[in-house]
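Letters A, B, ... mirror the listed sequences (proteins, then strands); counts begin at 1. Model, not experiment: these values are computed from the prediction.
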4 protein chains.
Amino acid sequence: MANRRGRPRSEAVRGAILTAAAELAAEGGPGAATIDAIARRAEVSRTTVYKWWPSAAAIVLEGLLESVRESIVRPPGSSTIEALVHHVSALNAILADPAVGALLRNVIAAAVGDPAIQAALLTQWIEPRRGAVVDSLTDAVATGELSGDTDIEVVVDALVSPPYYRLVFGMPPLSEHRVRALVDAVWAGCS
Amino acid sequence: MANRRGRPRSEAVRGAILTAAAELAAEGGPGAATIDAIARRAEVSRTTVYKWWPSAAAIVLEGLLESVRESIVRPPGSSTIEALVHHVSALNAILADPAVGALLRNVIAAAVGDPAIQAALLTQWIEPRRGAVVDSLTDAVATGELSGDTDIEVVVDALVSPPYYRLVFGMPPLSEHRVRALVDAVWAGCS
Amino acid sequence: MANRRGRPRSEAVRGAILTAAAELAAEGGPGAATIDAIARRAEVSRTTVYKWWPSAAAIVLEGLLESVRESIVRPPGSSTIEALVHHVSALNAILADPAVGALLRNVIAAAVGDPAIQAALLTQWIEPRRGAVVDSLTDAVATGELSGDTDIEVVVDALVSPPYYRLVFGMPPLSEHRVRALVDAVWAGCS
Amino acid sequence: MANRRGRPRSEAVRGAILTAAAELAAEGGPGAATIDAIARRAEVSRTTVYKWWPSAAAIVLEGLLESVRESIVRPPGSSTIEALVHHVSALNAILADPAVGALLRNVIAAAVGDPAIQAALLTQWIEPRRGAVVDSLTDAVATGELSGDTDIEVVVDALVSPPYYRLVFGMPPLSEHRVRALVDAVWAGCS
DNA sequence: TTCTAATCGAGACGGTACGTCAGGTCTTCTC
DNA sequence: GAGAAGACCTGACGTACCGTCTCGATTAGAA
C-alpha cells in the first residue's frame, strides 16, 4: 500500500477547527460560526479551512456527526415497546442537550438553501436513525405484534418528529415521562 | 376623528416589498432574500425597507402570516376526530404547498439566531394553531371522549409535528391518506 | 404698496437657523453643519430650510456676512500707512477670532466645488475688503506717496493674504506686532 | 535579506487608484472624488481602497505629493534674491497648474474637518517649502545681507501666501512679472 | 542527501450585503 | 401661503465576510 508523498494533513489542525466551529455555533448561533471566525479561534489560516470544507455549516455538521457517532444501538433482549422507548428517549436526550441541540439547529438552518448540507443531513443523520426504528417495527410486524397493514412510515413520524419540532421552534424539550406517554400512545394506537 | 399629518404610507410599496421577498425566498432560499435584493426587485429604496422591517426574515414572515390568515376554523358540527383530521390535513396541505412551505422553511432558518423572529414565529404561527388542537382535545376530555389524565401536549405534538419534520428535512410531504392514518392511530392510542 | 398674501416669513425661524448653523460649523467643522443637523438644532422642519437656502454652506455664509457687516471703515484723518495697518490688523483679528475663523474656513471648504458659494464669497467678502485697501493705495499714488508704476494688486496680495494663509492651513495667527512688521516691510518696499 | 510572505501588493492597483482620484478631483471637485467613484473608475474593489487609505482626501494628497516630489532645490550659485524669486516662481507655477491646483484645493477643503489631512498637509507640503525659504533668508542674515532683527516668519508669509490666497479664492494666478514684483518689494522692504 | 509534493500560513484582491446617514423631493395636514 | 410632519429615493459611508489568488515556509516520502 503506497503512502502519499508530501506533508501529511495535520490532525491537530482538523481538531482545532471542528472544536472552534462547535463552540462558535453553540455560543452565537449560525451568524457567529463564519469561516473567518472559525479560522481565528482555531488559530489556523483561512486558506487551510477552505481547502478541506466548502462552508462553515459543513464543518459544524462534521463535528456534530463525530460527537454522536454511537447511540443507535437497540438494547439486547428488549421488547419492541422497550426498544422504541429507548430510541425516542435517546433521541430526545441528544436534542435536549444544549450543546448538541444548538449545533443541530444551526445545521438545519444551513440546510435550507444549501442542498449539499441538506443531503448530508438526511443521509448521515436522519436516515440511520429512522432506519433503526423502522427495523424494530418491521420485526414487530414479522412477529405479529403489529398488524401487517400498519403504515410504518407514519408511525416513525409520530414517534421521532416531536423532539425535532420542539427543538426547531425553541419550545421546551419533552420530559422523560412525556416521551414514555408518547410512545405508549402511538404504540397503543397501532397495535 | 383625527387625521394623520404628513405623507401617508404607500400601500403599494408595502405590497411590492412583501411580494418581492416571498418570490425571492421561494426561488433562491434564505441566501437570496437579502434586503438589497428585495429592494431591487420591488423597485423600492433600501432605506424604506429598513424603515419598516428589521430584517429580511421579518418581511418574509409578515408576508407568510398575511397569506395564511384564515384556516384555523373547526368545521361546525364535526366530531372530535373529524376536527383533528381537518386540522392536521389543513396544516399538512399548507406546509406541502411549495410556495408557503419554502417561505416557512426560510423563516425557520432565520429564527435560529434571531430571537425576534423566533418569538414572532412562536406566538403568531405555532401557538394559535396548537391552540385550536388543544381546544378540540379539551372539549373531548370534557365530554368524556378522552380520559382525564391524557397529556394533551403530547397528543398535540404527535399530531402536528410530522408535517413540520418532513418540511424541515426536505422529505416528501405526507399524503392525505397518511394524515388520516396518523390521526387515527394517535386518537386510538389515547382514547 | 400691497402687502404680500399668506403667512409672512418667520424671522424667528430664520434667526434660529442661522444661529444653529453657525454653532454647528464652529463646533464640528463642515461635516457637522448638515441641513439635517441644522434643522434639528433650530427645531425647524427640513422643508423650511430647503425652501430658503440651497445648501448648508449658504446658511453659514449668510450668517458669517451678517455677523461682520461693518469694519471696513478707514479711520478718518489717518495716514496711508496707518490706514493699512488698521485694515490688516482688523482683518487679522477677525480671522483669528475662533468663531468667525471657523465659519470662514467652512465656507472656504464649501466654495471648492460649489461655484455659487465661490462667487458669493468673492463678491461679498473678498472684493469689498480688497477694495478698501486698493482705495488707500490709489490715494497714496495720487498724493505721490507711492510711485505711479507700483503694481497695486501685488501690494494688496502681500498685505492681506498672510492672515488667510495661516487660517486655511491651521497655523497660529499673526500677532499684532507681526502684522505691524508685515505692513511696514511691504510699505517700505514699494515706497 | 528577509522576503515578505503573502501575496505582494499590486503596484498597478495603487497607481490606478491614485490616477483615478486625481482625475475625479480635478474634474468634479471634492464632491466627485468619493471612494466609491474612485474605486469604480480605477476598476478596483472598494475594500482594497479602504485597506490602504482612510479617506478619499488622503488618496488625493498622496497623489499630489507624489506628482511634485522634487522642485524645492535652490539653484546653485544664486544670490538670495534670485533664490527667492526662483522659489516663489516655482510655487506659483505649481499652484497655477490647473491639475495640481485643483488637487491642492480639494485637499485644503478636506483638511477643514479632518485633522489627519490637516497635519499631513502641514508637515508634508507646507513646512518643507517654508523651510527652503527660511534657509535662504537665514543665510542672508548670516552674511549680513539682511538685518539681524528681521522677522523671518513674516517675510516668508508675505512671499508665499499670495499664490495660495489666489488659488483658494479662485482668483486668477499671479503672472511671472508680478511674482518678480512681489519678491522685489518684500526684499526691498526688509533689507 | 537531495528532490518533490503536499500542507500550512500570510496576505492581497474582487465581490456582495450589511446598516446608517445625508441630501433632496413630494404629499398631506395645520396654522 | 408658510410651516410641520413624514414618506420616499438616491447614493455614499465604513465594515464584515465571502471566495480566490499568489506567495513563502514547513514537512514528509521518494529518488
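Here E:dC21 presents its P atom at 18 Å from CD1 of C:I38, a figure rounded to the nearest Å. In this structure, CZ of A:R46 is placed 14 Å from P of E:dC13, rounded to the nearest angstrom. As rounded to whole Å, 5 Å separates atom C1' of F:dA7 from atom CZ of B:R7. In this structure, A:K51 places its NZ atom 4 Å from P of E:dT7, rounding to the nearest Å. Atom OH of B:Y50 and atom P of E:dC21 are 13 Å apart (whole Å). One atom, CD of B:E43, and another, P of F:dC8, lie 15 Å apart when rounded to the nearest Å. One can place CD1 of A:I17 at 12 Å from C1' of E:dG9, the figure rounded to the nearest angstrom. Straight-line distance from the CG atom of A:D36 to the P atom of E:dC18: 17 Å, rounded to whole Å.
Using a cut-off of 4.0 Å between Lys/Arg side-chain N and Asp/Glu carboxylate O, C:R40 and C:E43 are scored as not salt-bridged.
For the atom pair CG of B:L61 and CG of B:L104, the computed distance is 9.0 Å after rounding to the nearest 0.5 Å.
Summary of the strand contacts: D:A33 and A:I35 both lie near DNA chain F, and taking for each the nucleotide with the nearest heavy atom, the more 5' one is attributed to D:A33. With the nearest nucleotide of DNA chain F identified for both A:P8 and D:R40, D:R40 has the one nearer the 5' end. Summary of the strand contacts: C:A37 and A:V44 both lie near DNA chain E, and taking for each the nucleotide with the nearest heavy atom, the more 5' one is attributed to A:V44.
In terms of phosphate contacts, C:W52 brings no side-chain nitrogen or oxygen within less than 4.0 Å of OP1 or OP2 of F:dA2. Between A:T47 and E:dA10 there is no side-chain polar atom (N or O) within less than 4.0 angstrom of OP1 or OP2. Close to E:dG14, at under 4.0 Å from its OP1 or OP2, lies a side-chain N or O of D:T48.
Between the side chain of A:R14 and the base of E:dT7, no donor-acceptor pair of N or O atoms lies under 3.5 Å.
The side chain of A:S10 approaches E:dC8 more closely than any other nucleotide in the set F:dC18, E:dT30, E:dC8.
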